[in-house]
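Right, one structure below, let's go through it.
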Amino acid sequence: MDYNNLIAKAKEAMNYAYTKYSNFNVGAALLTTSGKIYTGCNIENSSFGATICAERVAFTKAISEGDKEFEAIAIVSSSGDYTYPCGICRQFMSEWGTDLKLIFENGKDIKIYTLKELLPEAFIKF
Ligand code: THU
């Protein structure tokens, strides 16, 4: 499958990032197995710790609307380089399966990994 549309949606979402403290904008677009797309951007907070990453915004939108089967997530940032998810997001996303594809773009080229490649031996207790 061609993920150019998903990358375009992630870039669009990046425009809504609230990054008063880091000025580092991230956009994500999450594709369900039924073809629906949920987008997310990072939303920072003056407490810093309450900041939420773009990936978790996209996931929480999807989960809270009843979707729980995902094929891929595209992640882009204003850095102009590949931007890989933080440890909290990797763990958070793993709850819904580690076969998820992660699509990264640096403004020129695309890289694709599975979540299990980026989070080997994931912690799944229950
Ligand atoms: N951030 C994300 O939104 N996703 C990532 O994958 C890495 C980091 C955000 C959190 C914070 O708002 C900013 O990027 C700088 O860390």
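Just follow the structure's listing: the first ligand is 1, and inside any ligand the first atom is 1.
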Consider only side-chain N and O atoms of Ser22 and Glu44, and report whether a donor and an acceptor are under 3.5 Å apart. yes
Taking salt bridge (charged side-chain N to carboxylate O under 4.0 Å, His left out) as the definition, give me every residue that meets it alongside Lys101, ordered by chain and number, with sequence neighbours left out. none
Side chains of Asp81 and Ser79: donor-acceptor distance under 3.5 Å anywhere? no
Check whether the side chains of Asp67 and Thr32 place a donor and an acceptor atom closer than 3.5 Å, and report yes or no. no
Using a 4.0 Å cut-off on heavy atoms, what residues surround ligand 1? Order them by chain and number. Ser22, Phe24, Val26, Asn42, Glu44, Thr51, Cys53, Ala54, Glu55, Tyr84, Pro85, Cys86
Apply the hydrophobic cluster definition, ILVMFWY joined by side-chain contacts under 4.5 Å directly or through others, and give me every member besides Phe48. Tyr21
Could you list the residues that satisfy side-chain hydrogen bond (donor to acceptor under 3.5 Å, both in side chains) with Asp99, not counting sequence neighbours? Lys116
